[in-house]
Protein chains: 2
Amino acid sequence: MIERTRATAKDDVRSLNQGAVFQVVHRHGPVSRIDIAARLQLSPAAVTNITSDLIERGLVYEARKDDERGGVGRRRILLEVAYDTASVAGIKVSNAGLTCALTNLNAEVLSARHEPLPETDPDTVVDAICAAFAALRSGADRPLAALGVSLPGLVDVDRQTVRHSPLLGWDQVPLGRLLQERLGVSVLVENDVDALALAEAWFGFGRTHDSFLVVTLGRGVGLGIVMNGEVYRGPNGGAGELGHVLLEANGPRTRYAAPGTVESFLSDDALVREARARVAGFPEDGGVELVVDLAERGRDDALDVFEDYGRALGRTLSLLVNVFAPSLIVLSGEGLRAAELVLSSAQAELRRLAFGDLAEHVELAFEPWGDDAWARGAAALAASRHLTETAISARGD
Amino acid sequence: MIERTRATAKDDVRSLNQGAVFQVVHRHGPVSRIDIAARLQLSPAAVTNITSDLIERGLVYEARKDDERGGVGRRRILLEVAYDTASVAGIKVSNAGLTCALTNLNAEVLSARHEPLPETDPDTVVDAICAAFAALRSGADRPLAALGVSLPGLVDVDRQTVRHSPLLGWDQVPLGRLLQERLGVSVLVENDVDALALAEAWFGFGRTHDSFLVVTLGRGVGLGIVMNGEVYRGPNGGAGELGHVLLEANGPRTRYAAPGTVESFLSDDALVREARARVAGFPEDGGVELVVDLAERGRDDALDVFEDYGRALGRTLSLLVNVFAPSLIVLSGEGLRAAELVLSSAQAELRRLAFGDLAEHVELAFEPWGDDAWARGAAALAASRHLTETAISARGD
DNA sequence: CTCCATTTCTTAATACGCTGAATGAATGAT
DNA sequence: ATCATTCATTCAGCGTATTAAGAAATGGAG
């Protein structure tokens, strides 16, 4: 439920209500003024006033009249956000390279690309991001409003600084400042999982949920927490380290994860480890793709690996369900290439371990997976920021 | 950080700012008008206006001048909440009986009592609560503003109804309505752990934290989640079922808890089970008190039981720390009779299992334990509600 | 001891955005 | 064609916050 929030005086009542109206238009699709008024308990007069401002500034437009609703009376005029007035760029950084996407302001991907990274030191990465951004910009037919960058590790969102990223080997890198200086466009930096959570909250399944969780499966296991429409990072950041939660004291080993942790069961590494151990003739250099391939061809031993994977996933989800009692968990990440293979055992285990009927009230959503999903998350950062900032900046100009 | 929130027009801007100002006075102790203005980014004039209203209505008073701060200039006049203008009652219901407390509006216990319950059916309990309330009322020297009732189980806070309580054997009991009709005073019903979390947020350690966790140890294991100053119950309630999280697939059995769950390690039952198994000559009918007693006398085998208990506690906390990265965890409940005995192994295990340096940033607080702590939580419900309602009810009367 | 600088609190004048009521616009029913 | 209905807009009035100026309280300089 959207409510008008963060009231008051200097940072005026107006900007507040403007933001709330905009949020309603964004989240509840094409919507009439009278609906907005009812939803926000605001007078129709105020809505007219506010929306005319938003329309004038090009953020919102009158899409069409509402022909669905019959009955007498004047037709409602439906308002919609002008998502195509600008585009934004999103770049996800990992040691595997840069994944880049250009999207509109609704985080719909217009184009995507991947750039390998020779090294992951800050200088190289900054150079590569600048090059990738230039390439994206040249392919854009609309003004490129902002750049979102996401990466694994601890990020200080306010200072746009990477506090600590083991995977990249970074500490205290002021990435936002470095890029902003070179690109002359506003840059946002965020943890990769939190960016994905934000993307879901603004443009994905979370659009209609106030609080929900995002679980990412891939090289590692991540958790994004959204509560009351805001991404929860913890008082000092660092929340959502689901991958490091201990599941079994005497659990299996993996190259990177501590034994028995969630990642020792659910990371790509773990999957390959199990395949090597249990799938007959699995080659030494085989990867996740091969396990998926074998299973999809119906190889029983490979299917068993996925069944166990699903069981561990279900157990992990049960932990979250018992703690958060969420109405939605979005599953995403490369680890879901074979979502169908793990789903049934995951759900069975979740039902078995969740308290009471909590499991019945959870919607499990699978984010259709593509290479650009992470980059889309990064772009969503930029899109959401751009929308809020221009929607609220009010009558100063 | 308190911010002025939930703005707008019909439910006026004023009530909003009034609430925010009141919150600052409550949370930041005796505080001057100028401090309030700075903290809320509100003009001094507005603060004068608002506080004079609060003072007139008897919610706040001018405590004294600030003599601590030296320097030139007029002394600041410190404002404080008038906590002693009314009292509230709190009653915690469990199958062991009613625990009752009378407190002022700062949740400071004025008197407490315990009533045994012959049966736990709704009629008996309602009768008993009414009797207990009458007893509390007769002992009060100030008007008794409201009654808070807390109990284990799933509570619909808005409808003041107990949706499901296995321990009491209740389903869909409209407890709030039943009591309100008979007592003619406003009644609040809440889950026991959430009430405790609210109490900590308003009147305890959480007063200076925006987000934190409360873990209760006793017959069961509970979790209260406070985020951004609000108790999180989940979209449909039922959040915080920490006790039912599976720790070890092949974990120990207990009478009530599923094998391997947190409660199978950390409930009172679990402690007694371990004592029976490992403490030489432990009597068949010995309880928790006896284990504590033996350990405090230095019996090694009893101390070992507590060391293991602490280890399981540390592991459970590590789970929460990895997920929430909280800055504060408040530990409370009967299970902490022997807090010193479990602390060191708990902290060691927490440090071992928490990701990176997350454990270093967590403050573990032990709520000094007494019989009336649960009842104080229930009273805090009533106190917080009374304060917000009278503080915000604005200029209508 | 008086006067001034300083800081806090208060009062007065002004501005802003919301509400409510009246009006206008668009459509179905009679 | 006219009316009832519903959505949108216009305008007067009002409440609350801001700014600016003044009053109150205090330390220090002359």
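In what follows, chains are A, B, ... by sequence order, proteins preceding strands, each numbered from 1. No hydrogens, no waters, no symmetry mates; every other heavy atom, side chains included, goes into these values.
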In whole angstroms, how far is the [atom2] atom of [N] from the [atom1] atom of [X]?
{"X": "B:I50", "N": "C:dT11", "atom1": "CD1", "atom2": "P", "value": "15 Å"}
{"X": "A:R33", "N": "D:dT6", "atom1": "CZ", "atom2": "C1'", "value": "14 Å"}
{"X": "B:R75", "N": "C:dT6", "atom1": "CZ", "atom2": "P", "value": "15 Å"}
{"X": "B:L42", "N": "D:dT18", "atom1": "CG", "atom2": "C1'", "value": "10 Å"}
{"X": "B:Q18", "N": "D:dA17", "atom1": "CD", "atom2": "C1'", "value": "14 Å"}
{"X": "A:R14", "N": "D:dT18", "atom1": "CZ", "atom2": "C1'", "value": "18 Å"}
{"X": "B:I55", "N": "C:dC9", "atom1": "CD1", "atom2": "C1'", "value": "11 Å"}
{"X": "A:I36", "N": "D:dT9", "atom1": "CD1", "atom2": "P", "value": "11 Å"}

>> If the condition is side-chain hydrogen bond (donor to acceptor under 3.5 Å, both in side chains), which residues does A:T161 pass it with, not counting sequence neighbours?
In response: none

Measuring to OP1 and OP2 of [N], would you say a side-chain N or O of [X] lies under 4.0 angstrom away?
{"X": "B:N17", "N": "D:dT16", "result": "no"}
{"X": "A:N49", "N": "D:dT9", "result": "no"}
{"X": "B:R76", "N": "C:dT8", "result": "yes"}

> Which residue pairs pass the ring pair (Phe, Tyr, Trp, His ring centres under 6.0 Å) test when at least one of the two sits in residues 36-59 of chain B, sequence neighbours left out?
Replying inline: none

> So which one's nearest nucleotide on DNA chain D is more toward 5', A:V72 or A:D35?
Replying inline: A:V72

> When you match A:G73 and A:S32 each to their closest nucleotide on DNA chain D, which lands nearer the 5' end?
Replying inline: A:G73

> A:V13 has a side chain; which of D:dA8, C:dC9, C:dC18 sits nearest to it?
Replying inline: C:dC18

>> Which label fits B:H26 and B:F203: parallel for a plane angle under 30°, tilted from 30 to 60°, or perpendicular past 60°?
In response: perpendicular

Who are the salt bridge (charged side-chain N to carboxylate O under 4.0 Å, His left out) partners of [X], not counting sequence neighbours?
{"X": "B:E181", "result": "B:R177"}
{"X": "B:D35", "result": "B:R76"}
{"X": "B:E62", "result": "B:R33"}

> Closest nucleotide of DNA chain C for A:P44 versus for B:I34: which of these residues is on the 5' side?
Replying inline: B:I34

> Taking the side chain as C-beta and beyond, is there a heavy-atom pair between B:V81 and B:N106 under 4.5 Å?
Replying inline: no

Taking only N/O atoms, report every protein-nucleotides 21-25 of chain C pair under 3.5 Å with atom names and distance.
residue: C:dG24; atom: N2; partner: A:R74; partner atom: NH1; Å: 2.7

